[in-house]
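Numbers restart at 1 for each chain; the letters A, B, ... are given by sequence-line order, proteins then strands.
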Amino acid sequence: MREARFAVGIDLGTTHCALSYVDLGSSEGDEIAQDLMKIPQLTAPGSVEALSLLPSFLYLPHPDEFPPGDLILPWSGPEGRILGEMARSVGARTPIRLVSSAKSWLCHPGVDRRGAILPPGAPDEEVARLSPYEASVRYLEHLRNAWNHTHPEDELAGQEVTVTVPASFDPAARELTAEAAQAVGFERLVLLEEPQAALYSWIHGSRGEWRNQVRVGDMILVIDVGGGTTDLSLIAVTEREGALELTRVAVGEHILLGGDNMDLALAHLVKGKLTAEGKSLDHWQVQALTHGCRHAKEALLADPDQDAVPVVVPSRGTRLIGGSIRTELTREEVTRTLVEGFFPHVPASARPAARSRAALTQLGLPFAQDPAVTRHLAAFLGMQTGAAEDLPGFAQGGGGSFLHPTAVLFNGGVFKAGLLAERVSQVLNDWLASEQAPPARRLEGADLDLSVARGAAYYGYVRRGAGVRIRGGTARSYYVGVESAMPAVPGLEPPIQALCLAPFGMEEGTEADIPPQEFGLVVGEPVRFRFFGSSTRRDDQVGILLEDWSPEELDELEGIQATLPAESRSPGEVVPVRLRASVTEVGTLLLEAMPCSGPEHWKVELNVRSPSGE
Amino acid sequence: MSESSPSVLSRLLLALSAFWRILIDPRFAGRVAKLSAGAPDGPLAPSRLEPQRLKEAEPNAALQVLGLLQQEGRFIDFLEEDVGAYSDAEVGAAARVVHEGCKKSLRQHFAIEAVRAESEGTRVTLAEGFDASAIRVTGQVVGRPPFTGSLTHKGWRVTEVRLPQVAAAHDLAILAPAEVEL
């Protein structure tokens, strides 16, 4: 394989993708030759423009909808789909053909992530739907084609590629992301958690100064609120052989709550006002209203002297003056809906409203039930009080009712409204003050939209040994469900035990020990296991059997499935196997079934269609 | 200098050859006649004699810009509507849509800066040989530079054009397609 010339970072976001790269040959130490690739994309029929961001939208046009000559890209003729800016704008008028938020579907355990389910509302015979997995492949393919078009000498497949994923992604979603990247040909691939990427970007941006801005014993809280998700991580500053070291000690739950929800909330508020005046809006106008509200919100949050900002919903017809609807967004409304609705002052003991787990819910995205980011934050910190217990230099741990961060890094487009970052800092510092802890400092200077891609490219550079790396390994320990041998009681599920397969903090490229417990697998038949993860049980060793646990400790993940091929065995035979976990170099969890007799091993599928999705 | 004021010897040789050439070449004779009458010589500055040609403006880029302004800022819709029928408040509301959209489009596709960095109203001095296409003098335009006057408009200059690429088959004359909701 040829030596890679570039370290490329790809932010495969819920609402936007971005690509940044470091020229490895021209970079040394803190002097780094880094750039952002402008991504050519259709912006309108027949019009191709290179933009910094590729909106993560995919439109499946009707064959008669656009002249084929209007859909060509610099590197390809017309294809049966449109990606990026034009997909977003035409999709606002024809939502049944628009795939959006595919990444949230990729992490949705209730659906078949390889099933052609997007767009969810599309008429079956008319639209050739895509799976969440395939949508990811298409976005990566577009980025690859754009790169290869501008760098024909150094194709992307041969570069060091880092693709970012939410820290809260489950193992199956991570694996699907890695698979999508491999499907478009990336040979040297690693996955990186987005909050870590944001911190890398901050480190890079400080040009070496970061060593003076943090000290041993610091606990950095990264709050990343993007378009679709809220991602939380804790990164501790430790010391090894006299040098500062960073260790990611905890990540939050997957919270489907982001800037889009906030803009939509404002739009619905304003829509309600208009409806009360007898003016109704269609789907397109609501989109336009959302857009208008976003601008008005930014204007209001930027200028404390303004009390109201007009919002105009343009007419769809040519009569712009006569047909447009004028209204306004007031400071009071923004404060009530956005600041108090999404970032309320709550005590540190607050917890989000529990998500109802109705058995038969309509097939949709599991959006967070509680819109309050601060409550989710309180729950995260409250759950992670023990995160730093084992680290040298961290005195606290006992005593406080929640983990005390000493520094905060904000990331994500939502915090472009500086007032919101301020509010979160305020709430956090109030919590800290209530437990006599000093306020958390803000780490400044991150580019809120592009830092994830930038940090990912920088990570590709430091992985080669050029700078500080964040350690941490897996942010969860993993367990397989084992039915205990108890007499069956009619009407009661047999009690289940959890067998630890992978300990907390497994690093890339390592294998866990093989637990002694054996499972009987029927040759040729798929066997399903229940699968669990814990973000708080840091000390469980492989092979430990948990009899019972509190619901906060263990999360049930999507089931896993093993199938032993009937190659050298007769179908129906029961083979005793043991399960081994490892973390691949790419950063995905790998489970294998190993027959107790013989050297073979088979992959256990993390991502299988759940029965409820059938 | 040596070219414009030749030596005595070369002047003598030139006079002899010119004498014969004036006799046998009527066109050369005509040009010498003009030269001695004080007119600027043709072949030495050909551009001043030939009339400046006009060229047709290329319509495609213009159509593309109109399309972009319509797409982002409803520019054509706004100009094609009869503003007389509406109150200032109504026109103002629509103008916000146009202003926000056209501004975004302008920022995205052109880099524009002021020709003069000074704020309007300040006194500026224009040295001899100032760029008359970038600076227009008005009012008491008399005498010779340097001119001193008040900056009434700071001017705009495009420093970069970033128009989208256009598909060869695309019909740019359609500024906005008709929309039919099914």
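Considering only residues two or more places apart in sequence or on other chains, A:S20 meets the side chain to side chain donor-acceptor pair (under 3.5 Å) condition with A:Q34.
In this structure, no portion of A:P67 lies under 4.5 Å from any heavy atom of chain B. With a 4.5 angstrom heavy-atom cutoff, A:L42 does not touch chain B via any of its atoms. With a threshold of 4.5 angstrom between heavy atoms, B:V91 approaches chain A through its backbone and through its side chain. In this structure, no portion of A:P40 lies under 4.5 Å from any heavy atom of chain B.
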Donor-acceptor pairs, chain A vs chain B, cutoff 3.5 Å:
{"from": "A:P45", "atom 1": "O", "to": "B:H170", "atom 2": "ND1", "distance (Å)": "3.4"}
{"from": "A:P45", "atom 1": "O", "to": "B:H170", "atom 2": "NE2", "distance (Å)": "3.4"}
{"from": "A:G46", "atom 1": "O", "to": "B:A167", "atom 2": "N", "distance (Å)": "2.8"}
{"from": "A:V48", "atom 1": "N", "to": "B:Q165", "atom 2": "O", "distance (Å)": "2.7"}
{"from": "A:V48", "atom 1": "O", "to": "B:Q165", "atom 2": "N", "distance (Å)": "2.6"}
{"from": "A:E49", "atom 1": "OE1", "to": "B:H109", "atom 2": "NE2", "distance (Å)": "3.3"}
{"from": "A:E49", "atom 1": "OE2", "to": "B:Q108", "atom 2": "NE2", "distance (Å)": "3.2"}
{"from": "A:E49", "atom 1": "OE2", "to": "B:H109", "atom 2": "NE2", "distance (Å)": "2.6"}
{"from": "A:D70", "atom 1": "OD1", "to": "B:H170", "atom 2": "ND1", "distance (Å)": "2.8"}
{"from": "A:D70", "atom 1": "OD2", "to": "B:H170", "atom 2": "ND1", "distance (Å)": "3.1"}
{"from": "A:R93", "atom 1": "NE", "to": "B:E179", "atom 2": "OE1", "distance (Å)": "3.3"}
{"from": "A:R93", "atom 1": "NE", "to": "B:E179", "atom 2": "OE2", "distance (Å)": "3.1"}
{"from": "A:R93", "atom 1": "NH2", "to": "B:E179", "atom 2": "OE2", "distance (Å)": "3.3"}
{"from": "A:S315", "atom 1": "O", "to": "B:R74", "atom 2": "NH1", "distance (Å)": "2.7"}
{"from": "A:S315", "atom 1": "O", "to": "B:R74", "atom 2": "NH2", "distance (Å)": "2.9"}
{"from": "A:S315", "atom 1": "OG", "to": "B:R74", "atom 2": "NH2", "distance (Å)": "3.4"}
{"from": "A:R316", "atom 1": "NH1", "to": "B:E181", "atom 2": "OE1", "distance (Å)": "3.0"}
{"from": "A:R316", "atom 1": "NH2", "to": "B:E179", "atom 2": "OE1", "distance (Å)": "3.1"}
{"from": "A:R316", "atom 1": "NH2", "to": "B:E181", "atom 2": "OE1", "distance (Å)": "3.4"}
{"from": "A:G317", "atom 1": "O", "to": "B:R74", "atom 2": "NH2", "distance (Å)": "2.6"}
{"from": "A:L320", "atom 1": "N", "to": "B:E81", "atom 2": "OE1", "distance (Å)": "2.8"}
{"from": "A:I321", "atom 1": "N", "to": "B:E81", "atom 2": "OE1", "distance (Å)": "2.7"}
{"from": "A:I321", "atom 1": "N", "to": "B:E81", "atom 2": "OE2", "distance (Å)": "3.4"}
{"from": "A:G322", "atom 1": "N", "to": "B:E81", "atom 2": "OE2", "distance (Å)": "3.1"}

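Side-chain contact between A:V48 and B:P164 is absent, with no heavy-atom pair separated by less than 4.5 Å.
Of the listed residues (B:A93, B:A95, B:A168), the greatest number of heavy-atom pairs within a distance under 4.5 Å of chain A belongs to B:A93. Counting heavy-atom pairs closer than 4.5 Å to chain B, the top-ranked of the candidates A:A44, A:G69, A:P310 is A:P310.
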